[in-house]
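Some notes on the structure that comes next.
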Amino acid sequence: MIREIEGYLMVEAARAEGRVAAHRFTERVPWLTETQAEDVQRAYVDAYLSLRRELWREAVGRAGSLRGEYEERYRVLRARVVAGALFLGVGGAGVAGIVVRMLMVGGA
């Protein structure tokens, strides 16, 4: 629900930006009639929204790609950390065993 509202607000903001840009564009073409200016503005806003949607799709695709890359890096890093912890744990247990034996032999 929140994503739908966010999406709606993004589209409406883009539409408002497109209207402003379209109005500025038609102001530079003073020979257009009012009807022609409205038609140009409508087409401009449609093209603007189409471009924005394409940019959003590309951004979403790239975000998904980056997410996959980072998840894979995290899995590799986690495996390395676990392997290192096991290595240190086994090594520490081995050293402790040697120290205990030495103490037992030295104390006997």
Practice task
For Thr26 and Ala22, indicate whether the former's side chain and the latter's backbone hold a donor-acceptor pair under 3.5 Å.
Solution key: yes
Completion exercise
With Asp39 as partner, the option from Arg42, Gln36, Gln41 fulfilling side-chain hydrogen bond (donor to acceptor under 3.5 Å, both in side chains) is Arg42
Problem - Test side-chain hydrogen bond (donor to acceptor under 3.5 Å, both in side chains) applied to Arg24 - qualifying residues, sequence neighbours left out - result: none
Completion exercise
The side chain to side chain contact (heavy atoms under 4.5 Å, CB included) partners of Leu66 (sequence neighbours excluded) come to Arg62, Glu69, Tyr70
Completion exercise
Between Tyr44 and Ala21 the two heavy atoms that sit nearest each other are CE2-CB, 3.6 Å
Practice task
Could you tell me whether Arg67 atom CZ has more than 12 heavy atoms of other residues or ligands within 6.0 Å of it?
Solution key: no
Problem - Partners meeting salt bridge (Lys or Arg N to Asp or Glu O under 4.0 Å) with Glu27 (sequence neighbours left out) - result: none
Handout entry: Least distance between heavy atoms, Ala14 atom then Trp56 atom
Key = CB-CH2, 3.9 Å
Problem - Hphob cluster co-occupancy, Val82 + Tyr74, side-chain heavy atoms under 4.5 angstrom - result: no
Exercise for the section: Using a cut-off of 6.0 Å, state whether more than 12 heavy atoms not belonging to Arg78 lie near its atom CZ. Expected result: yes
Practice task
Spell out, yes or no, whether Val11 and Tyr8 are grouped together once hydrophobic residues are joined by side-chain heavy atoms under 4.5 Å, including indirect joins.
Solution key: no
Completion exercise
Between the CG atom in Leu49 and the CD atom in Glu17, the distance rounded to the nearest 0.5 Å is 9.5 Å
Exercise for the section: Side-chain contact test, heavy atoms from C-beta onward, threshold under 4.5 Å: evaluate it for Thr33 versus Glu38 and give yes or no. Expected result: no
Problem - Carboxylate-amine/guanidinium contact Arg3 Glu6, below 4.0 Å - result: no
Exercise for the section: Check whether more than 12 heavy atoms from other residues, nucleotides or ligands sit under 6.0 Å from atom CD of Glu4, and answer yes or no. Expected result: no
Problem - Shared hydrophobic cluster for Ile2 and Met10 (ILVMFWY, side-chain gaps under 4.5 Å) - result: no
Practice task
For salt bridge (charged side-chain N to carboxylate O under 4.0 Å, His left out), just list the numbers for Glu12 and Arg15, CA-CA rounded to whole Å, side-chain angles, deciding distance to a tenth of an Å, and then say yes or no.
Solution key: CA-CA 5 Å; Glu12 287 304 309; Arg15 184 173 282 125; 2.5 Å; yes
Problem - Whether over 12 other heavy atoms sit under 6.0 Å from Glu58 CD - result: yes
Handout entry: Candidates Leu32, Val45, Val29, Thr35 - the one meeting side chain to side chain contact (heavy atoms under 4.5 Å, CB included) with Val40
Key = Leu32
